[in-house]
Student: 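Below is one structure. I have some questions about it.
Computed over heavy atoms, backbone and side chain alike; hydrogens, waters and symmetry mates excluded.
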Amino acid sequence: MRRGAFCRVAVILEAVLVASSDQHGASSHCFECRFAAIAHRCRRLNSLCAASAQQSENALAPAPSSTEANQRLAAPGMVACWGNTQAWLPPPVPEGGLADNYTTLTTSASLETSADYGADDSDGVGALSLDGAPSIGAPAPAERDEEAPFHTWAPTEIASPFAFASISAEDSYACGITTGGAVACFGSNSPLRRDLDFSSPMLVPIAASFIKVATGATFACGLLSNASVACFGRMGGQLWAGPGSTEAQPTPQLVAGGLQFAELVAGGNHACGILLNGTAACFGSNEANQLGAQQDEDVQLGSSREPVVVADPSLAFTSLAAADTFSCGVLANATAVCWGGYTDASQSELLPAGLRELKPKQAQLFAALAARGSTVCGLTLQHSILCSGVVESFIDAQGYPETVFSTTPVPLPSTSSYTQLTIGGSGFFFHACGLTTLGKAECWGLNNEGQMGLPPFAIANSTTPQPVATGLYFSQLSAGGDYTCGVIA
């Protein structure tokens, strides 16, 4: 069959199956996705086919819903989220309105190491100094509708004036790197502005070029283009706030030590990175040995503002992941190790200090890891996924959360191939999502808030990945407390 004719047939079948799935429920979604992918490839191969394809869709397909129409018009770099939407509902106007100096973006801010910055919590560490008061530009906040639902299972695009290259989600807020290299955050309890909720992303007030941001419980750290790291917010008992800023409105402060990083991740109250020589280093809280530093058995390292090298400095890492109280990494030989943490989800007993290898029953080589709460999952070189810790969550008949815990990594039952994975939830609440090689999102775990991208009344939880109910393709995913966000491809 000639290419153009093949494309027209694929598009017609796609339209028919979309209509069929609307009438008969989700049973046809797998066929819809397969033919949609075929049609997508055809359109890219033949521009003439695209025009006739659109005519066929208009003629055969039912009128799209508002959600479907928005998804078809979604632009690359925009962010769509699903699950608990409390984090990005229209924020309330604070009493007295917004401060005057928080209405426009300051462009004169500059990065500068200050050795004599003497704030009480700074410990004399290098900081980011600003020329002038910090300020942020964002749309005027609207009053929150108290009757509005707190969750939407259908992926919904965040209203943003910026396009994003990547995003990092936390319990109730998220930050991302814009395509211009800035950091922008939205949600509630953001370390950027603890006193406000943002329905639209707001820029971190600093003129610097970032390549990645990693979010923790109440702080965020950014990897700059010069390989340094800067943080803002409160990391456990440590306040990170640059000169001229406050805890309520912090600006990024440089991490001391002069180390240069190639990768950066964040846990609950700590952060870890891979140095340019492949060594891993962590800083922040260490109550569960999550920094991984070599130490005397009789002396417990407390929190550290300066990065400390993980275990043996001769070890080379290629990927890292950080959870609430433990950290993990992939070594150069593609094996995976973890350090810190507790023996179970109740956090009743500390694990022994030092590195421990993730050992599935069948040996696997890992490409990347994801961690959150009491769960760590690994993406293998064969594009499959294995998980240990809390590997399943469900709500029992009395309405209480229950979990299944595994100390050995178990394979995820899926036939899909994945390029990325992310873990959401906390404690006894767990969900996770994977990005397939086709750019589609699949999720599993708890779905009480629609965090799997499916109606909670249709599926409460799943141990196998389910396709997110959307026609969108993604370049990156990040899961928060009970929601997930993705950067649209």
Student: Between OG1 of T279 and CG of L259, what distance do you get to the nearest 0.5 Å?
Tutor: 9.5 Å

Student: State, yes or no, whether a side-chain contact exists between F232 and V204 at a heavy-atom distance under 4.5 Å.
Tutor: yes

Student: Say whether, by atom type as modelled, one donor and one acceptor occur between the side chain of E247 and the main chain of A241 under 3.5 angstrom.
Tutor: no

Student: Where the side chain of S374 meets the backbone of G389, is there a donor-acceptor pair that is under 3.5 Å apart?
Tutor: no

Student: Are K212 and E263 close enough, and set up right, to give a side-chain contact (heavy atoms from CB on, under 4.5 Å), and what steps lead you there?
Tutor: CA-CA 8 Å; K212 184 176 182 180; E263 176 63 298; 2.8 Å; yes

Student: Identify whether NZ of Lys or CZ of Arg in K440 sits under 6.0 Å from the centre of the six-membered ring of F474 and within 45° of that ring's axis.
Tutor: no

Student: Taking the side chain as everything from C-beta on, heavy atoms only, tell me whether Y173 gets closer than 4.5 Å to L192.
Tutor: no

Student: Using side-chain heavy atoms (C-beta onward) and a distance below 4.5 Å, is H270 in contact with S327?
Tutor: yes

Student: Side-chain contact, heavy-atom cut-off 4.5 Å: C221 with M235?
Tutor: yes

Student: Please report the closest heavy-atom contact between G373 and A323, naming both atoms and the distance.
Tutor: O-CB, 3.7 Å

Student: As a test of understanding, state which of D324, D171, D482 forms a salt bridge (charged side-chain N to carboxylate O under 4.0 Å, His left out) with R372.
Tutor: D171

Student: Looking at side-chain heavy atoms only, is the closest gap between Q253 and W240 below 4.5 Å?
Tutor: yes

Student: Report the C-alpha distance between S285 and Q290 in whole Å, list the side-chain angles of each, state the deciding distance to 0.1 Å, and finish with yes or no for side chain to side chain donor-acceptor pair (under 3.5 Å).
Tutor: CA-CA 8 Å; S285 298; Q290 61 264 49; 5.4 Å; no

Student: State, to 0.1 Å, how close A322 and G267 come at their nearest heavy-atom pair, and which atoms those are.
Tutor: CB-N, 3.5 Å

Student: Evaluate the side-chain proximity of L320 to I274: yes if any heavy-atom separation is below 4.5 Å, no if none is.
Tutor: yes

Student: Could you state the interatomic distance from CG (N226) to OG (S209), rounded to the nearest 0.5 Å?
Tutor: 8.5 Å

Student: Could you tell me which non-hydrogen atom of S172 sits nearest to which non-hydrogen atom of Y483, and how far apart they are?
Tutor: C-OH, 4.1 Å

Student: Just how far is it from atom NE2 of H383 to atom OG1 of T437, taken to the nearest 0.5 Å?
Tutor: 7.5 Å

Student: To the nearest 0.5 angstrom, please state how far the CD atom of Q260 sits from the CG atom of L275.
Tutor: 9.5 Å

Student: Kindly write out the residues that satisfy salt bridge (Lys or Arg N to Asp or Glu O under 4.0 Å) with E392, not counting sequence neighbours, or none if the list is empty.
Tutor: none

Student: Can you name the nearest heavy-atom pair linking F162 to P201, along with the distance?
Tutor: CE1-O, 3.4 Å

Student: Using only atom types and a distance under 3.5 Å, with no angle test, would you say the side chain of Q451 pairs donor to acceptor with the backbone of E449?
Tutor: yes

Student: Nearest 0.5 Å, please: how far is CD1 in I177 from OG in S168?
Tutor: 9.5 Å

Student: Find out whether P76 and Y473 are in side-chain contact, i.e. whether some heavy atom of one side chain is under 4.5 Å from a heavy atom of the other.
Tutor: no

Student: So, do L421 and Y418 sit near enough that their side-chain heavy atoms are less than 4.5 Å apart?
Tutor: no

Student: Report the C-alpha distance between L412 and S384 in whole Å, list the side-chain angles of each, state the deciding distance to 0.1 Å, and finish with yes or no for side-chain contact (heavy atoms from CB on, under 4.5 Å).
Tutor: CA-CA 7 Å; L412 181 70; S384 60; over 6 Å; no

Student: Under a 3.5 Å distance rule, please check whether S245 uses its side chain to pair with a backbone N or O of T251 as donor and acceptor.
Tutor: yes

Student: Take V255 and F283 through the side-chain contact (heavy atoms from CB on, under 4.5 Å) test and state the conclusion after the steps.
Tutor: CA-CA 9 Å; V255 175; F283 59 98; 3.8 Å; yes

Student: Could you go through T152 and W82, starting from their C-alpha distance and side-chain angles, then the distance that decides it, and tell me whether this counts as side-chain contact (heavy atoms from CB on, under 4.5 Å)?
Tutor: CA-CA 6 Å; T152 172; W82 56 94; 5.8 Å; no

Student: Of all heavy-atom pairs between C387 and V391, which one has the smallest distance, and what is that distance?
Tutor: O-CG1, 3.6 Å

Student: Any side-chain to backbone donor/acceptor pair from T156 onto A154? Under 3.5 Å, distance only.
Tutor: yes

Student: So, S393 and H431: side-chain donor and acceptor under 3.5 Å apart, yes or no?
Tutor: no

Student: Can you give me every donor-acceptor pair (side chain of residues 460-467, partner residue at least two apart or in another chain, under 3.5 Å) with its distance?
Tutor:
{"unit_1": "S462", "atom_1": "OG", "unit_2": "T464", "atom_2": "N", "d": "3.2"}
{"unit_1": "S462", "atom_1": "OG", "unit_2": "T464", "atom_2": "O", "d": "2.6"}
{"unit_1": "S462", "atom_1": "OG", "unit_2": "T464", "atom_2": "OG1", "d": "3.4"}
{"unit_1": "S462", "atom_1": "OG", "unit_2": "Q466", "atom_2": "NE2", "d": "3.3"}
{"unit_1": "T464", "atom_1": "OG1", "unit_2": "Q466", "atom_2": "NE2", "d": "3.1"}
{"unit_1": "Q466", "atom_1": "NE2", "unit_2": "T464", "atom_2": "O", "d": "3.3"}

Student: If every non-hydrogen atom of C485 is compared with every non-hydrogen atom of F186, which pair is closest and at what distance?
Tutor: SG-CZ, 4.3 Å

Student: Distance from S478 atom OG to I167 atom CD1, nearest 0.5 Å?
Tutor: 6.5 Å

